[in-house]
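First the structure, in the form of structure tokens, and then the observations on it.
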Amino acid sequence: MSCSIEKILTDARTLLERLKEHDTAAESLIEQSAVLHQRVAAMREAGAAPAEKVSAAGGTVGPAATRPGRGAPAERADAARLRPHALLSQENTQIRDLRRENRALWISLEEHQDALELIMSKYRKQMLQIMQGRKGEDAEPVLKVHQANSVEIESQIDRICEMGEVMRKAIQVDDDQFFKVREKLAQLEQKY
């Protein structure tokens, strides 16, 4: 009896260690997203990317480019048109990165849930064996309760999987909407 309880305790400790590792990984992802957010804010303030796009697109290079107000009016208009597009392209890449991280977190969450369910099922089996060892005839009601609980847990797992599928569909719809808006912005830029 004490041997099986010790095994249960070691299994619980192992689960706790894994959960701590995953928690640490989640915190590092949160920190990385905060750093990305700060970088985006810095890029918006500095406007470094639009200046590079203007010079790559054939803008003035040399003294006229370094002194504000000295370039031709057409060149300044080109720079004004390229700036929103450059900012959108930066944001697009960062949004894609965040979505990838989000998907990775969903997969990690599902793995956690599967591992937890496996540990809990082993725990229930061990507890049933202990109960059967003590009292054979009293184990039947406990077995029925555990079976009912396992059926309920299976239904909850199915619901969680359905929610994950809904989240995936929502991400897809969001991606589609994002690309439609991006296309409309490109069309408007071409018009003006």
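Model, not experiment: these values are computed from the prediction.
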Gln172 and side chain to side chain donor-acceptor pair (under 3.5 Å): which single residue from Asp176, Asp174, Asp175 fits? Asp176
What one should report as the nearest heavy-atom pair of Ile171 and Arg103 is CG2-NH2, 3.1 Å
Let me confirm one number: the CG-NE2 distance from Leu29 to His22, rounded to the nearest 0.5 Å. 12.0 Å
Taking atom CZ of Arg39 as the centre, does the number of heavy atoms from other residues, nucleotides or ligands within less than 6.0 Å exceed 12? no
What's the spacing between Lys7 NZ and Gln126 CD if we round to 0.5 Å? 6.0 Å
Let's go through Leu98 and Asn102 carefully: what are the C-alpha distance in whole Å and the side-chain angles of both, what is the deciding distance for side-chain contact (heavy atoms from CB on, under 4.5 Å) to 0.1 Å, and is it a yes or a no? CA-CA 6 Å; Leu98 288 174; Asn102 192 10; over 6 Å; no
Which pair of heavy atoms, one from Leu36 and one from Gln94, lies closest together, and at what distance? O-NE2, 4.4 Å
So, taking the atom named CG in Asn149 and the one named CE in Met120, what distance separates them when rounded to the nearest 0.5 Å? 9.5 Å
Start with the C-alpha gap between Gln113 and Ile157, add the side-chain angles, then the distance that decides, and say whether side-chain contact (heavy atoms from CB on, under 4.5 Å) holds. CA-CA 8 Å; Gln113 290 170 342; Ile157 289 173; over 6 Å; no
Basic-acidic side-chain contact under 4.0 Å: Arg13, Glu6: no
Chi angles and distances behind the salt bridge (Lys or Arg N to Asp or Glu O under 4.0 Å) call for Arg168, Glu110: CA-CA 13 Å; Arg168 286 186 191 98; Glu110 289 173 357; 3.2 Å; yes
Could Arg182 and Glu189 be called an ion pair, given the rule that one side-chain N must be under 4.0 Å from one carboxylate O? no
Linked, directly or transitively: Leu109 and Met167 (ILVMFWY side chains, under 4.5 Å): yes
Measure the shortest side-chain to side-chain distance between Gln90 and Val40 over non-hydrogen atoms and say whether it is less than 4.5 angstrom. no
Give the intermediate values and the outcome of side-chain contact (heavy atoms from CB on, under 4.5 Å) for residues Met127 and Ile8. CA-CA 9 Å; Met127 290 305 293; Ile8 291 170; 4.2 Å; yes
Looking only at atom types and distance, does a side-chain atom of Ser108 sit under 3.5 Å from a main-chain N or O of Ala104, one as donor and one as acceptor? no
Roughly how far, to the nearest 0.5 Å, is the OG1 atom of Thr24 from the CG atom of Leu19? 10.5 Å
Give the C-alpha distance, both sets of side-chain angles, the deciding distance and a yes or no for side-chain contact (heavy atoms from CB on, under 4.5 Å) between Ile95 and Phe178. CA-CA 10 Å; Ile95 287 171; Phe178 174 74; 4.2 Å; yes
With a cut-off of 6.0 Å (strictly less than), are more than 12 heavy atoms of other residues, nucleotides or ligands near CZ of Arg18? no
To the nearest 0.5 Å, how far apart are CG in Leu15 and CD1 in Ile119? 4.0 Å
Using every non-hydrogen atom in the two residues, find where Ala25 and Ser28 come nearest and quote the distance to one decimal. O-OG, 2.7 Å
Are Glu17 and Lys20 ion-paired here, with the side-chain N under 4.0 Å from a carboxylate O? no
Could you give the distance from CG (Leu118) to OH (Tyr123), rounded to the nearest 0.5 Å? 15.5 Å
Atom of Arg100, atom of Asp97 and distance for their closest heavy-atom approach: NH1-OD1, 2.7 Å
